[in-house]
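Along the sequence shown, residues carry numbers from 1.
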Amino acid sequence: MKEYFVDLHVHIGRSSDGKVVKRGTANDLTFANIAYEARYRKGINVMGVVDCVSPWIIKDIEDLLKKGELEELPEGGMIYRDDLVILLGSEIETREKGGCHAHSVVFFPYFSQVKEFSHIMEDYMPNLAENSTMSRLSGQQLFDIADSLGGFYMPAHAFTPHKSFYGNCTHSLHTVFDENSFAKIPAVELGLSADTYMASLLSELDGKAFTSNSDAHSLIKMGREYNVMRLAALNYDEVLKALKGQDGRGIVANYGLDPKLGKYHRTFCLQCKEITDLPPPVLKCPNDPGHRVVVGVRDRIEVIKDRDDSPTDMKERFAKRASSAKRPPYHYQVPLNFLPGVGPRTIDKLLDAFGTEMNILHRVEPEDLAKVVPQSIVDLIVKGREGRLAIAHGGGGIYGKVLD
């Protein structure tokens, strides 16, 4: 068994010939660029790409297979240059009761299943070639399709106020999925504005793994959240076993943004343009209850939780092994591009010197960092490792900020 870095939510923005696959993403976010960035600059071992339902991406994958740059593994997944495994999946938007929308990701072990999924989804996605996300399905219907093809299903960024199950659709996944389906869902994605301790306030999630993934819409944001998994080998089957906690495989640790850095951590008034700093839950504008607000993840969880604890209480219980759910530690990570004064040139200097961002954030000694960048930046990286950075929380689509 070895430990590997795993990021299960990266978007593909464009096909190799420039066709738009996912709007709101960087132009250079192609399948080939994602693979190269993950392998050589980020240091990620398993990458989940989530727009493979697109016919343009299916063609790109076929071309890479013909060129020998990708190879399908018998145990599922694609191997890229010997030590990066890519899982093929899609993020799909579903419509639930009452008209709300939610995002989920589905993954499949084999390319043939991805192609069959794309063919099936042509009946439920009105403009599949130009929109790889929107569907007419419910979450239950999407689960049924993925399950019938041998894939697995995971609710995405489950607490965010826009297009997530807990964020704007329901207080419980049992209102969306039948009991058999709920039992088969191996994991829930936390999203950038939540962590293990917040999500653990919902007891129905005690049997689910929590994943921290980047939901990257640009190359630089890949790996801003990730999981460390204990696996016997790099392939789809091993990752699924880790999500299920089977045969000694498992998630060893979650690395994610401090939730305060997330874009939707606290409630934001759309008219006052203010992020609340009042104790949660804040569901209305403190200045004028008639103003429209975007309810923050921390505030929403306070409303729907069924445990009396606070996130701080849960963190202390986990540290004492006193929780009802066995959870790996959640480490707060601050990516390089979130640090004040660290721009693309500085990141390139660090990567040239030390190989990958994972290495820089977690392994390189401070004295070695100081040979490449100013001491002020070294201090920020070390404080980020130790969770000592001062942060102003985000909300309403605005990221939090590191204040140091």
*Assess whether side chain to side chain contact (heavy atoms under 4.5 Å, CB included) is satisfied between M1 and R249, documenting all intermediate values.*
CA-CA 8 Å; M1 296 282 188; R249 284 73 166 173; 3.4 Å; yes
Measure from the side-chain N and O atoms of [X] to the backbone N and O of [Y], and report whether any donor-acceptor pair falls under 3.5 Å.
{"X": "R292", "Y": "Q271", "answer": "no"}
{"X": "E225", "Y": "L257", "answer": "yes"}
{"X": "Y40", "Y": "T356", "answer": "no"}
{"X": "H393", "Y": "P259", "answer": "no"}
{"X": "N131", "Y": "T133", "answer": "yes"}

Heavy-atom closest contact ([X] atom, [Y] atom, distance):
{"X": "V106", "Y": "A146", "value": "CG1-CB, 3.8 Å"}
{"X": "M154", "Y": "A187", "value": "CG-O, 3.2 Å"}
{"X": "L261", "Y": "K401", "value": "CD2-N, 3.9 Å"}
{"X": "A232", "Y": "E238", "value": "N-OE1, 2.7 Å"}
{"X": "S214", "Y": "V10", "value": "OG-CG2, 3.7 Å"}
{"X": "S193", "Y": "Y264", "value": "OG-N, 3.0 Å"}

Using 4.0 Å as the upper bound for N to carboxylate O, is an ion pair formed by [Y] and [X]?
{"X": "K241", "Y": "D237", "value": "no"}
{"X": "K371", "Y": "D368", "value": "yes"}
{"X": "R307", "Y": "D309", "value": "no"}
{"X": "E302", "Y": "R298", "value": "yes"}

Please indicate whether [X] has more than 12 foreign heavy atoms, meaning atoms of other residues, nucleotides or ligands, lying under 6.0 Å from its [atom1].
{"X": "Y36", "atom1": "OH", "answer": "no"}
{"X": "H171", "atom1": "NE2", "answer": "no"}
{"X": "K115", "atom1": "NZ", "answer": "yes"}
{"X": "R23", "atom1": "CZ", "answer": "no"}
{"X": "D82", "atom1": "CG", "answer": "no"}
{"X": "H291", "atom1": "NE2", "answer": "yes"}
{"X": "R95", "atom1": "CZ", "answer": "no"}
{"X": "D352", "atom1": "CG", "answer": "yes"}

Checking [Y] against [X]: is there a side-chain donor and acceptor pair closer than 3.5 Å?
{"X": "D178", "Y": "S181", "answer": "yes"}
{"X": "E204", "Y": "S172", "answer": "yes"}
{"X": "R300", "Y": "T160", "answer": "no"}
{"X": "D83", "Y": "N45", "answer": "no"}
{"X": "T94", "Y": "Q141", "answer": "no"}
{"X": "S16", "Y": "D60", "answer": "yes"}
{"X": "S310", "Y": "D313", "answer": "yes"}

*Looking at H9, H11, H157, which hits ring pair (Phe, Tyr, Trp, His ring centres under 6.0 Å) with H103?*
H157
Distance in Å, [X] [atom1] paired with [Y] [atom2], rounded so as to fall on 0.5 Å steps:
{"X": "R266", "Y": "D299", "atom1": "CZ", "atom2": "CG", "value": "4.0 Å"}
{"X": "R14", "Y": "I57", "atom1": "CZ", "atom2": "CD1", "value": "10.5 Å"}
{"X": "D379", "Y": "L389", "atom1": "CG", "atom2": "CG", "value": "10.5 Å"}
{"X": "M222", "Y": "I44", "atom1": "CE", "atom2": "CD1", "value": "5.0 Å"}
{"X": "D7", "Y": "N227", "atom1": "CG", "atom2": "CG", "value": "7.5 Å"}
{"X": "D144", "Y": "L149", "atom1": "CG", "atom2": "CG", "value": "11.0 Å"}

Side chain to side chain, [X] and [Y], heavy atoms closer than 4.5 Å:
{"X": "V49", "Y": "L88", "result": "yes"}
{"X": "L142", "Y": "S104", "result": "yes"}
{"X": "F143", "Y": "Q140", "result": "yes"}
{"X": "I220", "Y": "I347", "result": "yes"}
{"X": "H101", "Y": "H162", "result": "no"}
{"X": "L29", "Y": "I12", "result": "no"}

*Hey, what's the ring geometry for F152 with Y236, parallel, tilted or perpendicular (30° and 60° as the breaks)?*
tilted
*Kindly indicate, with the supporting measurements, whether the criterion side chain to side chain contact (heavy atoms under 4.5 Å, CB included) is fulfilled by V114 and F111.*
CA-CA 5 Å; V114 173; F111 188 36; 4.3 Å; yes
*asked:* Go through it in stages, so that I can follow the logic: the residues are T30 and N33, the test is side chain to side chain donor-acceptor pair (under 3.5 Å), and I'd like the CA-CA distance, side-chain angles, deciding distance and then a yes or no.
replied: CA-CA 5 Å; T30 65; N33 286 346; 3.3 Å; yes
*So among V46, L234, I251, which one has a side-chain contact (heavy atoms from CB on, under 4.5 Å) with M229?*
I251
*asked:* Applying ring-ring contact (aromatic ring centres under 6.0 Å, His included) as the test, list every pair that has at least one member in residues 192-212; sequence neighbours left out.
replied: Y197-F318
*Which ring-ring contact (aromatic ring centres under 6.0 Å, His included) pairs, counting each pair once, include a residue from residues 329-359, with sequence neighbours left out?*
Y255-H331, Y330-Y332, F338-Y399
_Regarding C269 and C285, I want to know if their SG-SG distance comes in below 2.5 Å, which is how I'm defining a disulfide._
no
*Looking at F182, is K208 sitting on its ring face, NZ or CZ under 6.0 Å from the six-membered ring centre and within 45 degrees of the normal?*
yes
